[in-house]
Amino acid sequence: MNTMPTMTIPNFSLSPRIDQVGIEERASRFTKRSIKTAAKIEGLNLVLSMIDLTTLEGKDTAGKVKQLCYKAMHLNDAYEGLPNVAAICVYPTLVKVAKNALKGSGINVAAVATAFPSGQAPKSVKIADTKFAVRQGADEIDMVISRGKFLNGDYNFVFDEIAEIKEACGEAHLKVILETGELNTLDNVRRASDIAMHAGADFIKTSTGKISPAATLPVTLVMLEAIRDYYYKTGKMIGMKPAGGIAKAKLALHYLVMVKETMGDAWMTPAWFRFGASSLANDVLMQLTKQKTGNYQSLNYFSLD
Amino acid sequence: MPTTTKKAKPKEGSHRGSAQSSANRLNVQKTYKLFIGGKFPRTESGRYYTLKSAEGEQLGNICRASRKDFRESVLAARAAFKGWSAKSAFNRSQILYRLAEMLEGRQAQFIDELTMQGSTKVAAQKEVIAAVDRLVYYAGWCDKYQQIFSAVNPVASSHFNFSVLEPTGVVVIVAPEENSLIGLVTTAASAIAGGNTSIILASESKPLCAVSFAEVINTSDVPGGVINILTGKLSELIGHFTTHMDVNSIVYCGDDRAMIKKIKSDSTSNLKRPVFRTAINWLSAEAETPYFISDMQETKTTWHPIGI
């Protein structure tokens with residue numbers, strides 16, 4: 001049962017306004033922490049375990065996805081004791097391939113559904129898309145909201161759509177992509193986060209990765225604060241997933257600092273925080289190897305996908 | 001009211017005051033910075049050393065580049081490699097020639113700096129002119145060295161077998177301590193003529209014209225990251241040069257035997273191509289050879305079946 005105790009749905013026009021300058025200042029502070037040696041290794045391992053290894057391209061093939069699944073299970077065999085990534089993120093048609101390839105590994109398969117990335121399709125198509133992905137075996141569904149409707153102020157439409165997709169997900173976890181790069185203001189980001197959480201999202205996610213800017217520290221901070229407020233109000237934890245544009249280990253550590261200082265330890269696990277990324281894993285592996293050997297690494301010695 | 005201060009006129013050729021400086025004017029001193037990825041950052045470490053002339057006059061504060069500055073330069077050089085090595089040989093040639101054009105127009109500054117660092121005026125003039133000519137020399141080789149080093153190889157099977165050169169990648173250059181301009185120009189030009197990108201550690205005792213050469217690079221058409229210039233102490237950087245896994249070759253212009261041994265043994269970690277240029281007369285024709293280019297190249301041999 002995922003229904004919460006009777007709670008009235010708030011008027012989303014009254015979502016808190018965001019102080020942009022304050023948020024940017026606060027977010028920049030997270031980049032000033034010095035994390036070295038043992039703490040750094042611990043952090044990098046945690047980052048690896050939080051990655052949703054992603055391939056979302058028109059040219060994706062079964063072979064490419066199998067390759068990625070292998071990478072997910074064997075991040076770097078030369079380095080003992082590495083964690084696995086949290087999930088593989090693919091298009092619905094490739095869920096079955098990924099599911100088979102990952103059998104027994106404990107790694108989840110996430111599928112982007114609902115006419116990803118634009119979301120410009122009738123609701124019936126989106127629901128069919130979601131149900132298809134779930135039938136194929138997806139453990140997690142990443143849906144996109146209708147940004148056009150949202151920007152028009154049609155919040156009820158957006159809310160209802162998320163709720164219906166949530167229903168179509170069944171057991172699968174629902175991540176709601178706000179595509180913050182198209183929402184223009186932090187006020188909108190906060191409002192969209194509130195809508196998604198009240199409509200039943202298990203996770204809220206910044207971006208599809210197809211629009212620039214994708215995830216940024218300030219946007220993620222606004223969403224984390226929305227999650228925190230929601231948690232204080234309802235007692236229900238919601239996960240967070242920044243996606244797109246996080247390619248460097250150092251930046252990923254900044255995000256972890258932000259999660260820790262905004263949400264506390266409870267969110268510092270793959271169950272509540274994820275990175276949507278494709279090239280981040282290799283950079284983290286390079287940094288870990290640097291810590292171990294003392295020598296700066298080259299991408300030549302790490303797998304491409 | 002006419003000022004009748006009796007301040008000593010600055011010495012001829014001193015950087016403290018060129019021809020027009022008046023006694024009342026505070027001279028604008030140049031900040032000598034690093035050159036990484038087409039930008040002029042100060043060293044992230046905040047450290048510097050003070051350069052003095054033979055007479056003890058302070059010439060400038062020079063950045064003491066750190067491990068992290070070097071790391072950033074390798075990232076910049078690696079990022080620039082793809083574009084630079086893919087440029088047509090003829091285009092690289094044009095860009096090297098452009099470097100010569102830019103240096104030609106700034107001869108006076110380089111002569112000035114070389115004399116400050118102890119050269120005689122005549123020797124400085126000779127070195128700067130040789131440096132311009134050296135750039136033109138290697139510009140000319142860009143689209144020619146392939147012809148003399150590539151080959152069609154006779155083989156005993158029905159294959160068309162041929163070998164061509166490819167740039168090795170990111171090259172670290174330890175520039176010579178003396179002949180600080182011509183040595184740096186020669187090693188840089190020969191590295192990038194063949195499509196490599198480079199990180200150069202300038203002469204520790206004579207770094208002024210290295211930093212000024214970075215300004216020449218920046219005003220020519222060399223893409224950012226193709227040549228990066230660091231200043232600082234070789235002794236504290238060499239360990240990072242030789243062990244960095246993303247460096248493909250290291251060129252050492254010096255004769256310290258312990259250093260040569262260290263470079264040779266450390267380079268085995270990722271099979272860096274070590275190149276040693278010892279006892280070279282940089283001003284002579286000895287430093288004008290296409291082998292300086294081929295030293296930093298890899299040979300690719302292709303077996304192409306025929307008659308099938």
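None of these values were measured; they are calculated from a predicted model.
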How about NZ on B:Lys39, more than 12 heavy atoms from neighbouring residues, nucleotides or ligands closer than 6.0 Å, or not? no
Within the supplied structure, the quantity of interest is the number of heavy atoms (other residues, nucleotides, ligands) at a distance under 6.0 Å from A:Glu42 CD; does it exceed 12? no
Should we count NZ of A:Lys248 as having more than 12 external heavy atoms under 6.0 Å? no
Evaluate whether atom NZ of A:Lys210 has more than 12 neighbouring non-hydrogen atoms of other residues, nucleotides or ligands under 6.0 angstrom away. yes
Within a radius of less than 6.0 Å around OH of B:Tyr48, do more than 12 heavy atoms belonging to other residues, nucleotides or ligands occur? no
Within the supplied structure, the quantity of interest is the number of heavy atoms (other residues, nucleotides, ligands) at a distance under 6.0 Å from B:Asp255 CG; does it exceed 12? no
Is any side-chain heavy atom of A:Tyr301 closer than 4.5 Å to a side-chain heavy atom of B:Asn270? yes
Checking an interface table here. Which of residues 66-74 of chain B come within a heavy-atom distance under 4.5 Å of chain A? B:Arg67, B:Lys68, B:Arg71
Does NZ in A:Lys66 sit with more than 12 non-hydrogen atoms of other residues, nucleotides or ligands closer than 6.0 Å? no
Could you list which of residues 235-246 of chain B have a heavy atom closer than 4.5 Å to any heavy atom of chain A, in residue-number order? B:Thr243, B:His244, B:Met245, B:Asp246
Got a sec: does the CZ of A:Arg29 have more than 12 other heavy atoms crowding it under 6.0 Å? no
